[in-house]
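Okay, so here's the structure we're looking at.
These numbers come from the heavy atoms of this one structure, side chains and all, not from hydrogens, waters or symmetry mates. In this chain, numbering begins with 1 at the start of the sequence shown.
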Amino acid sequence: MVLAQPRILSEADGDCVAIERVNGKSPVLLVCEHASRKLPEQFGDLGLSQEALASHIAWDPGALAVARGISAALDAALIYQRFSRLIYDCNRPPSSPGAMPETSEIYAIPGNRNLSAEERKARTEALYEPFHDAVRGLIRDRQARGQDSVIVTMHSFTPVYNGKPRAVELGILHDEDSRLADRMLEFSAEAPLYRTERNEPYGPEDGVTHTLILHGISNGLRNVMIEVRNDLINEDTGQGVVADYLTRLLQQSLDA
């Protein structure tokens, strides 16, 4: 007997993927895996407080706003996940414990405790697979019309993690392909607006380059992951300043 998988998304929830500027002319393809803190309606609050659900454990605050700013300035396609990484972190493969975490920093996540194989499979099929299939589809469509793709994933990080302050303000991350990251780090050093570091506050050893590997490295495409400290982008003005800076940095690096 085949057991029915648990329902993840309702009709009211809608699609898990959103795409903006699908026909953008820029080679940059922006990806924002942690854009939203929204939970599918059937999951309620996962047993978490409203404070926890508004915090960085549920999403990357400010990341989508910055990505939208870059998208508008460059006329770049943007694809993002519409649901919280607490249900499924689309920057993690299904085999990773971090894909559906039972704990995140100081928070236990009751709604993710002791998930069955069927529940994990249902979340993977409802959220992870459609999201990355959509990224693949965008890349294929661009290739078919002779348009280059440069994968740029946009994230934010908290100023204090596990009680330790973070001095870095902007992280330029890469895996084995550092072509674009190298250029961005060179140009950021020439006009340093933010304290910028390579592979900080995370790096490949932390498992954060999954999307880069899946869509960039595997296709031979230039790629980079950008991490912005979220206290710099917690309101409109900061988001605009960072988006403008990153737009210039990306354009300079691509031109070079």
Exercise. Roughly how far, to the nearest 0.5 Å, is OG of S55 from CD of Q50?
Worked result: 11.0 Å

Exercise. Side-chain contact, heavy-atom cut-off 4.5 Å: T103 with N112?
Worked result: no

Problem set entry | Whether Q239 side chain and R68 backbone form a donor-acceptor pair below 3.5 Å | no

Exercise. Is there a path of hydrophobic side-chain contacts, each under 4.5 Å between heavy atoms of I, L, V, M, F, W or Y residues, that connects V66 with L180?
Worked result: yes

Exercise. F43 and I57: same hydrophobic cluster, using ILVMFWY side-chain contacts below 4.5 Å?
Worked result: yes

Exercise. Between I79 and F131, is any pair of side-chain heavy atoms under 4.5 Å apart?
Worked result: yes

Exercise. What are the two closest non-hydrogen atoms of M225 and N91, and how far apart are they?
Worked result: CE-ND2, 4.1 Å

Problem set entry | Exercise: do H174 and R179 side chains pair donor with acceptor under 3.5 Å | no

Exercise. Would you say Y80 and V22 are hydrophobically clustered, going by side-chain heavy atoms of ILVMFWY under 4.5 Å?
Worked result: no

Problem set entry | Shared hydrophobic cluster for V152 and I139 (ILVMFWY, side-chain gaps under 4.5 Å) | no

Exercise. Is it true that a side-chain atom of D206 and a backbone atom of G203 form a donor plus acceptor pair closer than 3.5 Å?
Worked result: yes

For this session: Indicate yes or no: at least one non-hydrogen side-chain atom of V228 is less than 4.5 angstrom from one of E169.
Result: no

Problem set entry | Spatial distance of atom CG (L193) from atom CG (D244) [nearest 0.5 Å] | 10.5 Å

For this session: Grab the two heavy atoms, one from S84 and one from A58, that are nearest each other, plus how far apart they are.
Result: OG-O, 2.7 Å

Exercise. Under a 4.5 Å cut-off applied to non-hydrogen side-chain atoms, are E41 and L9 in contact?
Worked result: no

Exercise. Do you know which two heavy atoms are closest between P101 and I109, and how far apart they sit?
Worked result: O-CD1, 3.4 Å

Problem set entry | Audit row: L30, V28, side-chain contact (heavy atoms from CB on, under 4.5 Å) steps and yes/no | CA-CA 6 Å; L30 291 155; V28 169; 3.8 Å; yes

Problem set entry | Point-to-point distance, once rounded to the nearest 0.5 Å, from OG of S178 to CE of M184 | 13.0 Å

Exercise. Is it true that K38 and D13 make a salt bridge, defined as a side-chain N closer than 4.0 Å to a carboxylate O?
Worked result: no

Problem set entry | Check: S96 side chain, R92 main-chain N or O, donor-acceptor pair, under 3.5 Å | no

Exercise. Do other residues, nucleotides or ligands put more than 12 heavy atoms under 6.0 Å from E205 CD?
Worked result: yes

Exercise. Counting distance only, does the side-chain N/O of S49 pair as donor-acceptor with the main-chain N or O of A52 below 3.5 Å?
Worked result: yes

For this session: Side-chain contact test, heavy atoms from C-beta onward, threshold under 4.5 Å: evaluate it for V241 versus Y194 and give yes or no.
Result: yes

Problem set entry | Flag, side chain of T209 to backbone of L212, donor-acceptor distance under 3.5 Å | no

Exercise. Mind checking whether Y88 and F83 have ring centres under 6.0 Å apart?
Worked result: no

Exercise. How long is the gap from CG on L78 to OG on S26, to the nearest 0.5 Å?
Worked result: 12.0 Å

Exercise. Side chain of D75, backbone of K25: donor and acceptor closer than 3.5 Å?
Worked result: yes

Problem set entry | Nearest heavy atoms of A99 and P93, plus distance in Å | CB-O, 3.5 Å

Exercise. R123 side chain to I87 main-chain N or O, any donor-acceptor pair under 3.5 Å?
Worked result: yes

Problem set entry | K121 with E125: basic N within carboxylate O range, under 4.0 Å | yes

Problem set entry | Aromatic ring proximity H56/H34, centre distance under 6.0 Å | no

Problem set entry | Closest contact, heavy atoms only, A126 versus C16 | O-SG, 3.6 Å

For this session: Walk me through it: do L29 and R142 pass the test side-chain contact (heavy atoms from CB on, under 4.5 Å)?
Result: CA-CA 10 Å; L29 172 52; R142 291 157 71 94; 4.3 Å; yes

Problem set entry | Donor + acceptor pair across side chains of S36, R82 (<3.5 Å) | no

For this session: Please check if the side chain of N219 supplies one atom and the backbone of H215 the other of a donor-acceptor pair under 3.5 Å.
Result: yes

Exercise. Minimum heavy-atom separation for R166 to T158, with atom names?
Worked result: NH1-O, 3.0 Å

For this session: Calculate, to the nearest 0.5 Å, the distance between atoms CD1 and CG belonging to I217 and D177 respectively.
Result: 5.5 Å

Problem set entry | Any side-chain heavy-atom pair of T153 and E33 under 4.5 Å | yes

Exercise. Do L74 and L249 sit in the same hydrophobic cluster, where Ile, Leu, Val, Met, Phe, Trp and Tyr count as joined when their side-chain heavy atoms come under 4.5 Å apart?
Worked result: yes

Exercise. Between R85 and W59, is there a donor-acceptor pair closer than 3.5 Å when you use the side chain of the first and the backbone of the second?
Worked result: yes

Exercise. Do S156 and I233 touch side chain to side chain, with heavy atoms closer than 4.5 Å?
Worked result: yes

Exercise. For the atom pair CZ (R37) and CG (L53), what is the distance rounded to the nearest 0.5 Å?
Worked result: 7.5 Å

Exercise. Ion pair present between E118 and R120, side-chain N to carboxylate O less than 4.0 angstrom?
Worked result: no

Exercise. With distance as the sole criterion, is a donor-acceptor pair present between the side chains of D60 and H155 under 3.5 Å?
Worked result: yes

Exercise. Counting only heavy atoms not in R183, do more than 12 sit closer than 6.0 Å to its CZ atom?
Worked result: no

Exercise. Are the side chains of S188 and I172 in touch, meaning some heavy atoms are under 4.5 Å apart?
Worked result: no

